[in-house]
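Data block below; observations after.
Letters A, B, ... mirror the listed sequences (proteins, then strands); counts begin at 1. Every value quoted in this text rests on a predicted model; they were computed, and no experiment measured them. Both backbone and side-chain heavy atoms feed into the values below; hydrogens, waters and symmetry mates do not.
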2 protein chains.
Amino acid sequence: MDKIFKALASEPRRRILEYLAVEPMTVGEIADNFEMAMPSISKHLAVLKAAGVVREQKRGQYVIYALVVEALTGQLYGFLAPYCGEAQRIAEARPKRRGAGLRE
Amino acid sequence: MDKIFKALASEPRRRILEYLAVEPMTVGEIADNFEMAMPSISKHLAVLKAAGVVREQKRGQYVIYALVVEALTGQLYGFLAPYCGEAQRIAEARPKRRGAGLRE
DNA sequence: TTCCTATTTAGCTAAATAGGAAATTACGTC
DNA sequence: GACGTAATTTCCTATTTAGCTAAATAGGAA
């Protein structure tokens, strides 16, 4: 729980998620949308990955990042569950699967 | 959006919300549940209040804090909406009312 | 191999954050 | 008024975080 909120407590990281919600991208493509230097983007991606909300896939010399939307929503519904009947229902209906697998 | 995630990116602050989910409490009562000194708790409460997720009410020399659960859930559903049809539906069904008023 | 591009890692500095102690404010009581 | 308790504010220090540049790693192409 801590990792995901730390990860989301950053405007650039939330923006990265928005971009990845559209389609998977390489680090360079993501960086093109920011003023920030690539190493900084790379670190933000590492934080998002540690929180489980993005997944990484090497493709030649490129690294493609993709949103893991169920991890994002699942963790937040899990947090909301004690505060909201609807979230509780949704969270229960979604058994959190560990390593939901990255299909090729 | 930034304020709420910054507010939630702290274990002590999330714990405070859990306590307040049970019942409103004074600062001292909240502090009793922590190792932390009261001024620190007071500051955490200020952060939560700035994010709109708790409300403050003076009662004599005491200050009673209460969870504003709709603000907590509403903001998170708002964030989730673009990522999840269910959240979108819930967020739309809940017009975010500004200053939902603290009734005495 | 050498060169080039993509990405990550290391090392650094500046800024933000968390916590404590002490001082201050606010209220109630004597 | 003086005193005591509740809470906040101020000021300080330690830690963490964000961003940069430069260097290292990894892969593809010549």
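Close to dA6(C), at under 4.0 Å from its OP1 or OP2, lies no side-chain N or O of Y65(A).
M36(B) has its CE atom 6 Å from the P atom of dG20(C), to the nearest Å. Taking atom CG on D2(A) and atom P on dT16(D), their separation rounds to 13 Å, with Å as the unit. Between Q57(A) atom CD and dT8(C) atom P there is a gap of 14 Å when expressed in whole angstrom units. As rounded to whole Å, 13 Å separates atom P of dA26(C) from atom CD of E56(B).
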**OP:** Starting from the C-alpha separation in whole Å, work towards a yes-or-no answer on side-chain contact (heavy atoms from CB on, under 4.5 Å) for T26(B) and I64(B).
**Re:** CA-CA 4 Å; T26(B) 68; I64(B) 298 168; 4.1 Å; yes

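Residues satisfying the side-chain hydrogen bond (donor to acceptor under 3.5 Å, both in side chains) criterion with S42(A), sequence neighbours excluded, are absent altogether. Legend: residues meeting side-chain contact (heavy atoms from CB on, under 4.5 Å) with K49(B), ordered by chain and number and at least two apart, are V54(B), E56(B). Judged as a side-chain hydrogen bond (donor to acceptor under 3.5 Å, both in side chains), and not counting sequence neighbours, the contacts of R14(B) are D2(A). Contacts of N33(A) classified as side-chain contact (heavy atoms from CB on, under 4.5 Å), with partners at least two apart in sequence or in another chain: R15(A), Y19(A), M25(A). Residues that satisfy the ring-ring contact (aromatic ring centres under 6.0 Å, His included) test with Y62(B), not counting sequence neighbours, are absent from this structure. The side-chain hydrogen bond (donor to acceptor under 3.5 Å, both in side chains) test applied to S10(A) returns no partner, not counting sequence neighbours. Taking the side-chain contact (heavy atoms from CB on, under 4.5 Å) definition, one finds that A21(B) meets it with Y83(A), L67(B), sequence neighbours left out. For the side-chain contact (heavy atoms from CB on, under 4.5 Å) test, no residue two or more places apart in sequence or in another chain qualifies with P82(A).
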**OP:** Report, as a single string ordered 5' to 3', how protein heavy atoms within less than 4.0 Å touch nucleotides 25-30 of chain D: B base, S sugar-phosphate only, - not at all.
**Re:** -SBS--

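L76(A) places a side-chain heavy atom less than 4.5 Å from the side chain of L8(A).
Summarising the geometry of A31(A) relative to M38(A), their closest heavy-atom pair is CB-CG, 4.3 Å, with the distance given to 0.1 Å. Taking all atoms of both residues into account, the shortest heavy-atom contact from A87(B) to A81(B) is CB-N, 3.9 Å.
Near DNA chain D, meaning a heavy atom under 4.0 Å from it, residues 38-46 of chain A has P39(A), S40(A), K43(A), H44(A) in order of number. Only T26(B), V27(B), G28(B), listed by number, bring a heavy atom of residues 4-33 of chain B to less than 4.0 angstrom from any atom of DNA chain D.
The NZ atom of K6(B) sits 12.0 Å away from atom CE of M1(B), with the distance rounded to the nearest 0.5 Å.
In DNA chain D, runs of at least 3 consecutive Watson-Crick or G-U pairs, each pair with both distances below 3.5 Å, span C:1-30 with D:1-30.
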